[in-house]
Amino acid sequence: QVQLVESGGGLVQAGGSLRLSCAASGLTFRMYEMGWFRQAPGKERDFVAAINRSGGSTRYADFVRGRFTILRDNPKTTVYLQMNSLKPEDTAVFYCAARRSGGYYYSPSDDPKDYDYWGQGTQVTVSS
């Protein structure tokens, strides 16, 4: 049974930082691309960042580039999202997702429809 468990969310002031973690189990982690998505109330789920199987290729949404960093630790089967310079508009539930990928060096996908497994989400609230 595949499980993705997010942690690290919380309440932070604008300009602050948080690090989200997503611990994966029940899958061969190194075979999966990993992504972070977010959903604010009343809005669609948006792509935030993704990382390929090797960790050598990443992709970011324009609105987080330069502020957020995605990393993975394959031996620990965990993916991280380091979020700096947080803004009130970053307030959302953040979801971790896994996509079975055939390419170790391929560029990761930013399309939520491509992802096979999802976590339950962790709330991030940024106060002004």
For this session: Say whether F94 and V5 are linked into one hydrophobic cluster, either directly or through other cluster members, by side-chain heavy-atom distances under 4.5 angstrom.
Result: no
For this session: Spell out, yes or no, whether V2 and I51 are grouped together once hydrophobic residues are joined by side-chain heavy atoms under 4.5 Å, including indirect joins.
Result: yes
For this session: In sequence, state the C-alpha distance, the side-chain angles, and the governing distance for L20 and E6, and then conclude on side-chain contact (heavy atoms from CB on, under 4.5 Å).
Result: CA-CA 7 Å; L20 305 183; E6 301 98 334; over 6 Å; no
For this session: Would you check if the side chain of T77 reaches a backbone N or O of A24 as a donor-acceptor pair within less than 3.5 Å?
Result: yes
Exercise. Is it the case that one hydrophobic cluster holds both V124 and W36, taking links as side-chain heavy atoms less than 4.5 Å apart, direct or via other members?
Worked result: yes
Problem set entry | Side chain proximity check, Y117 to R100, heavy atoms < 4.5 angstrom | no
Problem set entry | Minimum heavy-atom distance between S101 and R53, given as atom pair plus value | O-NH1, 2.9 Å
Exercise. Taking the six-membered ring for Trp, are W118 and F37 parallel (under 30°), tilted (30 to 60°) or perpendicular (over 60°)?
Worked result: tilted
Exercise. How many angstroms lie between atom CD of E33 and atom CG of N52, to the nearest 0.5 angstrom?
Worked result: 7.0 Å
Problem set entry | Between SG on residue C22 and CD on residue Q120, distance to nearest 0.5 Å | 11.0 Å
For this session: Run through D110, V48, T69 and flag the one making a side chain to side chain contact (heavy atoms under 4.5 Å, CB included) with Y60.
Result: T69
For this session: Provide the closest heavy-atom pair for Y115 versus S109 in the form atom of the first, atom of the second, distance.
Result: OH-O, 2.6 Å
Exercise. More than 12 heavy atoms of other residues, nucleotides or ligands under 6.0 Å from CZ of R30: is that the case?
Worked result: no
Problem set entry | For S128 against A14, the heavy-atom pair lying closest together | CA-CB, 4.4 Å
Problem set entry | Side chain to side chain, Y106 and S57, heavy atoms closer than 4.5 Å | no
Exercise. How about R59 and F47: do any of their side-chain heavy atoms sit closer than 4.5 Å?
Worked result: yes
For this session: Decide, yes or no, whether a salt bridge links D90 with K87 under the criterion of side-chain N to carboxylate O below 4.0 Å.
Result: no
Problem set entry | Closest non-hydrogen atom pair between T91 and Q123, with its separation | CG2-NE2, 4.0 Å
Exercise. Quick one: CE on M83 to CZ on R19, what's the gap to the nearest 0.5 Å?
Worked result: 11.5 Å
Exercise. Closest approach of A40 and A92, non-hydrogen atoms and distance?
Worked result: N-CB, 3.9 Å
Exercise. Is R72 close enough and on-axis enough to F29, meaning under 6.0 Å and within 45°, for cation-pi?
Worked result: yes
Exercise. Shortest non-hydrogen contact from G121 to V93?
Worked result: CA-CG1, 3.8 Å
Exercise. Where do F68 and L86 land on the side-chain contact (heavy atoms from CB on, under 4.5 Å) test, with the steps shown first?
Worked result: CA-CA 9 Å; F68 293 7; L86 283 161; 3.8 Å; yes
Exercise. Is L18 reachable from L71 through a run of I, L, V, M, F, W or Y residues, each pair having side-chain heavy atoms under 4.5 Å apart?
Worked result: no
Problem set entry | Derivation of the side-chain contact (heavy atoms from CB on, under 4.5 Å) call for M34 and L4 | CA-CA 10 Å; M34 300 300 295; L4 302 177; 4.2 Å; yes
